[in-house]
Amino acid sequence: MLEEVERWLTDRSWSVADRPLHRVLAAKRATGQTVSVVLPALNEEATVGEIVSVIRRDLVVGAPLVDEVVVVDSGSTDRTAERAAAAGATVVHRDAILPRIPAVPGKGEVLWRSLLVTSGDIVCFVDADLRDFSSDFVTGIVGPLLTEPDVHLVKAMYDRPLTVSDGPGRTAAGQGGRVTELMARPLLNMHWPRLAGFVQPLGGEYAARRTLLEQLPFPVGYGVELGMLVDALHLVGLDALAQVDVGVRRHRHQDGQALGRMAAAIYRTAQLRLARGHLIRPSLTQFERSGDAFEPRTYSVDTEERPPMTEIAEYQARRVA
């Protein structure tokens, strides 16, 4: 590990306990900064309502840390929007944001568009499929942005237990994050070793200053987290990035083929940042058994990125207004 990273791990890796809520609130009052929490959601009716309820109970009503909770629904066919609204979130459909530019599927697309329907100086992203959610996730990653003026982006780090199949309810501690270990971490260590200290580089819980987010391009799909880390490193430097231990993250796990598609998108994002080159074949072929044979299934790999929000006329007009 680079000496710079070893120093960074000491100086920029914290625990949620390092900044109690009262200290974070005092910093918010002193700086006057506002905080938006965004949940990108697609068919998360089982979990999104509880997450919104906890944030509102602890950090809106109980303590005035969060100024708005926005759920951006990217086309759910279940009761995600209804559950989120009932819990007190502002719910906006992805396609209603910036209709001039047709939306494409993908998590990064939703995060990018969320900048147009939120107003916070600090924007905190939280995945909508978390179980046993604690408001420490929000307090932990927002806290350094309020107390450390030279920090611009903070990622959550946590254990990700993986449910195993050889016994009911059995979990393997720390075995989640398979795409992180097999794809993202090797890529970062080899090509961007200054980012090797991030425990959960692909984690969906992170917060950043709007002034940073609006300058970043957003890969429209699963590559958004890796792309954001790499681009932020080049834009503001390693010392402007940080991570906070918030405990344990529990969520639903995807099957191996879905993880393969995720890994392909992440590899593509890395490739573009290495060379800004042209992909010869932006697709991935996988195999599924059908009777006595294996049938190929080919999926396109996300090859689109949204430009920095500061280049969008509607966003510029909103800032002037």
Side-chain angles (χ1 to χ4, degrees), residues 1-2 5-6 8-9 12-16 40 42 106-108 110-111 124-133 137 140-141 153-165 171-208 216 218-234 238 241-274 284 286 299 301-302:
M1 183 175 289
L2 298 176
V5 177
E6 291 182 350
W8 179 85
L9 282 169
R12 288 290 185 263
S13 292
W14 297 297
S15 165
V16 64
L42 176 63
K107 179 183 179 182
V110 174
L111 301 184
C124 173
F125 299 119
V126 175
D127 281 350
D129 65 341
L130 302 187
R131 297 187 174 93
D132 303 323
F133 178 78
F137 273 74
I141 56 180
L153 184 148
V154 182
K155 293 207 65 123
M157 56 178 168
Y158 33 68
D159 293 315
R160 293 182 65 183
L162 175 67
T163 301
V164 294
S165 60
T171 59
Q175 295 299 309
R178 290 161 287 172
V179 175
T180 292
E181 299 303 332
L182 296 175
M183 177 60 73
R185 200 178 307 285
L187 282 172
L188 292 176
N189 276 263
M190 287 187 291
H191 299 297
W192 296 280
R194 287 191 293 163
L195 296 174
F198 277 95
V199 175
Q200 297 290 354
L202 300 184
E205 289 69 48
Y206 49 98
L216 298 176
F218 277 62
V220 297
Y222 286 123
V224 62
E225 274 85 23
L226 183 134
M228 190 177 295
L229 263 188
V230 171
D231 293 339
L233 173 68
H234 290 301
L238 181 60
L241 313 179
Q243 61 185 350
V244 174
D245 186 351
V246 296
V248 178
R249 183 188 199 268
R250 302 183 189 277
H251 66 121
R252 58 181 171 82
H253 296 281
Q254 301 194 56
D255 63 35
Q257 292 208 334
L259 296 179
R261 297 191 289 274
M262 186 184 302
I266 290 164
Y267 179 74
R268 168 263 170 192
T269 300
Q271 184 190 48
L272 285 182
R273 278 152 181 78
L274 284 168
L284 173 73
Q286 297 176 318
Y299 302 88
V301 175
D302 296 323

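Just so you know, residue 1 is the first one in the sequence shown, and it goes up from there. Only this structure's heavy atoms are used, side chains among them; waters, hydrogens and symmetry mates stay out.
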Interatomic distance, CZ@R178 vs CG@L259, rounded to 0.5 Å, equals 4.5 Å
Nearest-0.5 Å distance that lies between atom CG in L241 and atom CE in M228
11.5 Å
Taking C-beta and beyond as the side chain, do L188 and P201 meet within less than 4.5 Å on heavy atoms?
yes
Looking only at heavy atoms, the pair that brings V248 and F137 closest together is O-CZ, 3.5 Å
Could you tell me which residues satisfy side-chain contact (heavy atoms from CB on, under 4.5 Å) with L2, sequence neighbours excluded, listed by chain and number?
V5, P193, R194
Flag side-chain contact, heavy atom, 4.5 Å: W192 against L274:
yes
How many angstroms lie between atom NE2 of H234 and atom CG of L216, to the nearest 0.5 angstrom?
11.5 Å
Spacing of NZ belonging to K107 relative to CG belonging to L42, to within rounding of 0.5 Å
12.0 Å
Does any N or O in the side chain of Q243 come within less than 3.5 Å of the main-chain N or O of Q200, such that one atom is a donor and the other an acceptor?
no
So does L238 get a backbone contact from the side chain of W8, meaning a donor-acceptor N/O pair under 3.5 Å?
yes
If you compare all heavy atoms of L226 against all heavy atoms of A184, which two are closest, and at what distance to 0.1 Å?
CD1-CB, 4.2 Å
Provide the closest heavy-atom pair for G197 versus L9 in the form atom of the first, atom of the second, distance.
O-CD2, 3.5 Å
For T269 and P219, work out which heavy atoms get closest and say how close.
CG2-CG, 3.9 Å
Would you compute the distance between atom CG of L130 and atom OH of Y158 and round it to the nearest 0.5 angstrom?
7.5 Å
Looking at CG of D231 and CZ of R273, how far apart are the two atoms once the value is rounded to the nearest 0.5 Å?
4.0 Å
Looking only at non-hydrogen atoms, find the nearest pair between D127 and P40 and report the distance.
OD1-CG, 4.3 Å
Kindly determine whether F125 and L111 satisfy side-chain contact (heavy atoms from CB on, under 4.5 Å), including the steps that lead there.
CA-CA 8 Å; F125 299 119; L111 301 184; 3.6 Å; yes
Please find the pair of heavy atoms, one from M157 and one from S13, that lie closest to each other, and give the distance.
CE-CB, 4.1 Å
Check K155 with E225, please: is the shortest side-chain N to carboxylate O separation under 4.0 Å?
no
Quick check: does any side chain N or O of R185 sit under 3.5 Å from a backbone N or O of V199, one acting as donor and the other as acceptor?
yes
